[in-house]
Amino acid sequence: MDIDIWQMMGSMAALAFTVGFVDQLRITYKTRDVEGLSLLQWVVFAAASATFAAYYVHLEQWMMVTVSVFGALCCVTIIAMIFSFRQKIA
């Protein structure tokens, strides 16, 4: 498998994007505060990450598949926290 500079840059960008998801997960879990989070935004992020994962499977770029699946799982977890923590407050 040959990895060119563009694949490496794409991988680094996807990884950086996903690190933002992890930090949001950490903060949301710690504070239980979901008031400023947009449910629609996280649903779109989850759908986009899942779509990217499928696309990267097609291209057989397994590192990108892994990052995209992880990102989608982070988004789904944040969506679950939005539902869970908003119900407890109301």
If hydrophobic clusters are built by linking Ile, Leu, Val, Met, Phe, Trp and Tyr wherever their side-chain heavy atoms come under 4.5 Å apart, do [X] and [Y] end up in the same one?
X     : Y     : value
Trp42 : Phe83 : yes
Val67 : Val65 : no
Tyr55 : Trp62 : yes
Leu15 : Met64 : no
Leu39 : Ile78 : yes

TODO: Identify the two heavy atoms, one from Arg86 and one from Glu35, that lie closest to each other, and give their separation to 0.1 Å.
DONE: NH2-O, 4.2 Å

- [ ] Can you measure from CD1 (Ile27) to CZ (Arg32) and round to the nearest 0.5 angstrom?
- [x] 14.0 Å

Task: Tyr29 and Phe85 aromatic centres sub-6.0 Å - done: no

TODO: Please work out whether the ring planes of Phe17 and Phe45 are parallel, tilted or perpendicular, with thresholds of 30° and 60°.
DONE: perpendicular

- [ ] Report the C-alpha distance between Tyr56 and Met63 in whole Å, list the side-chain angles of each, state the deciding distance to 0.1 Å, and finish with yes or no for side chain to side chain contact (heavy atoms under 4.5 Å, CB included).
- [x] CA-CA 9 Å; Tyr56 292 128; Met63 182 173 161; over 6 Å; no

- [ ] Sequence neighbours left out, what pairs pass salt bridge (Lys or Arg N to Asp or Glu O under 4.0 Å) with at least one residue falling in residues 5-27?
- [x] Asp23-Arg26

Task: Nonpolar side-chain network containing Val76, other nodes, edges under 4.5 Å - done: none

Open item on the list: Under 4.5 Å side-chain heavy-atom separation, chaining through any Ile, Leu, Val, Met, Phe, Trp or Tyr, what else clusters with Val22? Say none if it is isolated.
Closed with: Phe70

